[in-house]
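Here the structure comes first, spelled out in structure tokens, and everything after it is commentary.
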Amino acid sequence: MKEVKFSVLVTVKDMFLFLVHHSYRGVSLLADAIVTFGAIGLLIAGFGEGDPVKTVALIFVALLFTVVHPLQLYMKARKQVKRNEVFKKPLDYVLTDEGITLSQEEQSQSITWADVYQVKEYKSQILVYTGRVYAFVWPKSALAECEAEVKELFKKHLSEQVAGKSIK
């Protein structure tokens, strides 16, 4: 039986990237882009000229999803990592043919491969969702030596729909 072991210490940056990936996708991303570019278009067209309230409102709307929302996500990530005891110590993962075991100190939790809802791979991290909003956040830096083995287990035990086409 093949076993892959690694440890992850989730940082504020890791949590922020997870929140960004989770927030900016699908219909939400499209709606944010339409509102942002609409506000920029109205500013360029001179819609707010002569009325400073309209101009300020359009500038705020244009910045809302490009500056304000990411700042809110960063603050949320920072708060989550700083206040949650789970993120103060490394999380140890063991992947086997049966599933994924997560442990920290004396506590341990296991899930089967059937419990994996979806896997998404990004440039700097792999997200293993166990529900629509709950995921294991695995920075690729923590997987450096075993990333290929992890992906091999994904391909072996998860359907393409669950593993995602992004898992190469």
Side-chain angles (χ1 to χ4, degrees), residues 6-91 93 100 102 104 109 111 113-144 147 150-151 154-155 158-168:
F6 58 92
S7 293
V8 172
L9 182 61
V10 177
T11 65
V12 173
K13 179 183 174 186
D14 299 326
M15 184 58 65
F16 171 68
L17 289 173
F18 165 71
L19 292 172
V20 167
H21 292 308
H22 189 73
S23 294
Y24 287 107
R25 65 179 184 180
V27 176
S28 170
L29 176 61
L30 182 61
D32 294 353
I34 289 170
V35 170
T36 300
F37 288 118
I40 291 170
L42 288 172
L43 277 169
I44 291 170
F47 182 72
E49 269 185 39
D51 186 354
V53 174
K54 283 183 184 176
T55 302
V56 170
L58 287 172
I59 290 170
F60 177 76
V61 170
L63 295 176
L64 186 62
F65 301 109
T66 57
V67 177
V68 175
H69 190 242
L71 282 173
Q72 287 177 322
L73 291 177
Y74 181 81
M75 298 307 287
K76 181 178 180 179
R78 194 169 127 212
K79 181 178 171 183
Q80 209 168 347
V81 169
K82 299 292 181 201
R83 290 188 179 174
N84 194 330
E85 291 297 318
V86 171
F87 299 124
K88 297 203 185 303
K89 296 178 183 165
L91 299 163
Y93 291 90
I100 302 169
L102 163 69
Q104 188 177 56
Q109 175 187 358
I111 65 165
W113 291 110
D115 296 326
V116 175
Y117 177 78
Q118 188 174 33
V119 176
K120 294 210 173 207
E121 179 181 15
Y122 297 99
K123 182 179 177 181
S124 63
Q125 59 187 196
I126 293 176
L127 305 176
V128 180
Y129 284 86
T130 56
R132 290 188 63 81
V133 295
Y134 301 107
F136 298 135
V137 177
W138 296 345
K140 286 190 174 181
S141 58
L143 300 174
E147 185 177 339
V150 168
K151 290 179 181 181
F154 288 160
K155 288 177 185 174
L158 302 173
S159 69
E160 188 175 298
Q161 183 180 3
V162 172
K165 295 175 185 165
S166 64
I167 300 298
K168 299 162 188 85

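Note that the structure is predicted; figures quoted are calculated from it, not measured.
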Next item on the list: Of all the heavy-atom pairs spanning Thr130 and Tyr117, show the shortest one and how long it is.
Entry: C-CB, 3.9 Å
Checklist line | Val128 and Val116: CA distance, side-chain angles, deciding distance, side-chain contact (heavy atoms from CB on, under 4.5 Å) verdict | finding: CA-CA 7 Å; Val128 180; Val116 175; 3.9 Å; yes
Item checked: Nearest heavy atoms of Ile100 and Phe136, plus distance in Å -> CG2-CE1, 4.1 Å
Margin query: Check the orientation of Phe16 and Tyr74. Use parallel for under 30°, tilted for 30 to 60°, and perpendicular for over 60°.
Written below: perpendicular
Margin query: Taking salt bridge (Lys or Arg N to Asp or Glu O under 4.0 Å) as the cut-off, I'd like each qualifying pair that reaches into residues 55-82, sequence neighbours left out, listed once.
Written below: none
Margin query: On a heavy-atom basis, which atom in Ala62 and which in Thr36 lie closest, and how many Å separate them?
Written below: O-CG2, 3.5 Å
Note to self: To check you understand the geometry: which heavy-atom pair defines the closest contact between Tyr93 and Leu91, and what is its length?
What the structure shows: CD1-O, 3.7 Å
Checklist line | Gap separating the CZ atom of Phe18 from the OG atom of Ser23, nearest 0.5 angstrom | finding: 8.5 Å
Note to self: Using ring centroids (six-membered ring only for Trp), state whether Tyr134 and Tyr129 fall under 6.0 Å.
What the structure shows: no
Next item on the list: Kindly indicate, with the supporting measurements, whether the criterion side-chain contact (heavy atoms from CB on, under 4.5 Å) is fulfilled by Lys151 and Glu121.
Entry: CA-CA 10 Å; Lys151 290 179 181 181; Glu121 179 181 15; 2.6 Å; yes
Note to self: Please report the interatomic distance NE2(His22) to CZ(Arg132), rounded to the nearest 0.5 Å.
What the structure shows: 8.0 Å
Next item on the list: Show your working on side-chain contact (heavy atoms from CB on, under 4.5 Å) between Val150 and Phe6 and close with a plain yes or no.
Entry: CA-CA 10 Å; Val150 168; Phe6 58 92; 4.0 Å; yes
Next item on the list: Dump the intermediate steps for side-chain contact (heavy atoms from CB on, under 4.5 Å) on Thr55 and Leu43, then the final yes or no.
Entry: CA-CA 7 Å; Thr55 302; Leu43 277 169; 4.2 Å; yes
Notebook entry, point to check: Say you draw a straight line from CG of Asp14 to CG of Leu127; how long is it, rounded to the nearest 0.5 Å?
Noted result: 10.0 Å
Check: What is the minimum heavy-atom distance between Arg83 and Lys88, and which atoms define it?
Finding: N-NZ, 4.5 Å
Check: Counting only heavy atoms not in Lys89, do more than 12 sit closer than 6.0 Å to its NZ atom?
Finding: no
Margin query: Does the plane of the ring in Tyr122 sit parallel, tilted or perpendicular to the ring in His21? Use 30° and 60° as the thresholds.
Written below: parallel
Next item on the list: Check whether any side-chain heavy atom of Pro139 lies under 4.5 Å from a side-chain heavy atom of Val8, and answer yes or no.
Entry: yes
Notebook entry, point to check: Does some side-chain heavy atom of Ile126 sit less than 4.5 Å from a side-chain heavy atom of Leu143?
Noted result: yes
Next item on the list: Could you grab the distance from atom CE of Met75 to atom CD of Gln80, nearest 0.5 Å is fine?
Entry: 13.0 Å
Notebook entry, point to check: Measuring from Leu64:CG to Asp32:CG, what's the distance to the nearest 0.5 Å?
Noted result: 8.0 Å
Notebook entry, point to check: Where do Leu58 and Ala39 come nearest, in terms of heavy atoms and distance?
Noted result: O-CB, 3.7 Å
Item checked: Point-to-point distance, once rounded to the nearest 0.5 Å, from CE of Met15 to CD of Gln125 -> 9.0 Å
Check: Would you say the side chain of Leu17 lies within less than 4.5 Å of the side chain of Ser124, judging by non-hydrogen atoms?
Finding: yes
